[in-house]
Amino acid sequence: MSIEKIVEQALQDGYLTPAMEAEVGRICDTASELSIEEYMALDRLMGALLTGEVVAVPRKQFINVMEELVLTEAIARVAEIEATSDCTLDLGDIAAYALNRLPPLYATTEEGADYQRGRAKDDLQALIAQQVSDAIARSLDRPDFYPERQVLGKNAGDEVLSQVSTLLKAYAHKYEAEPQS
């Protein structure tokens with residue numbers, strides 16, 4: 001969308017969304033030189049913003065406090081396990097598993113985030129610890145997915161057929177034996 005169309009839309013709607021603002025910024029940043037029409041549209045937009053004819057919609061930042069709490073718990077638990085064993089756990093998998101089983105705690109301000117942290121500590125800390133424990137247990141119980149597996153060759157079709165034949169010999173219940181010559 002061009003600057004002129006964005007300004008026209010903003011004047012018609014009475015507000016400038018963050019997406020419209022970002023698009024204007026992107027156009028201005030990437031253009032080597034703006035046209036007279038683009039400068040006039042930007043001037044019109046500035047005037048409308050100054051008079052209040054157009055209102056810039058503020059960007060909202062969302063914080064999910066639950067992510068912070070789950071990561072803190074998961075980091076501590078994974079560090080304990082990895083320090084006392086040979087296991088290597090995927091922190092991202094563990095956090096995602098736990099987060100998918102916990103309610104989000106969104107806030108838009110730091111005060112709201114503090115409120116959500118306090119609420120979580122009072123009401124949800126045991127549930128967070130349980131979900132992280134379940135995620136770790138699930139990760140530890142999952143066996144390696146065929147650790148002896150090898151990537152099929154990409155070179156020649158005969159090589160792939162040879163590898164498939166070898167796999168069938170090893171794993172297929174009623175694999176036909178090679179014909180005798």
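All figures in this text were calculated on a predicted structure; none of them were measured in a lab.
- You'll find the side chain of Asp134 reaches within 4.5 Å of the side chain of Gln131, heavy atoms only.
- The hydrophobic clustering, which links ILVMFWY residues whose side-chain heavy atoms are closer than 4.5 Å, places Met1 and Met20 together.
- With Asn100 contributing its side chain and Ala96 its backbone, the two residues share a donor-acceptor pair below 3.5 Å.
- The closest side-chain heavy-atom distance from Ile128 to Met66 is below 4.5 Å.
- A salt bridge between Arg117 and Asp114 is present, with a side-chain N of the basic residue lying under 4.0 Å from a carboxylate O of the acidic one.
- Looking only at side-chain heavy atoms (C-beta outward), Glu8 and Ser2 stay at 4.5 Å or farther from each other.
- Inter-residue side-chain proximity for Cys87 and Leu140 is flagged as met; some heavy-atom pair is nearer than 4.5 Å.
- The side-chain heavy atoms of Cys28 and Ile3, taken from C-beta on, include a pair separated by under 4.5 Å.
- In this structure the side chain of Val132 never reaches within 4.5 angstrom of the side chain of Val78, judged on heavy atoms.
- Side-chain atoms of Asp13 do not come within 3.5 Å of backbone N or O of Tyr15 as any donor-acceptor pair.
- Side-chain contact check for Tyr106 versus Ile63: every heavy-atom pair is 4.5 Å or farther apart.
- The backbone N or O of Leu11 lies less than 3.5 Å from no partner atom in the side chain of Glu53, so there is not a single donor-acceptor pair.
- No continuous path of hydrophobic side-chain contacts links Val57 to Val24 [ILVMFWY only; heavy atoms under 4.5 Å].
- Side-chain contact between Leu102 and Leu69: absent, with no pair of heavy atoms (C-beta onward) separated by less than 4.5 Å.
- The backbone N or O of Glu68 lies less than 3.5 Å from a partner atom in the side chain of Thr72, making a donor-acceptor pair.
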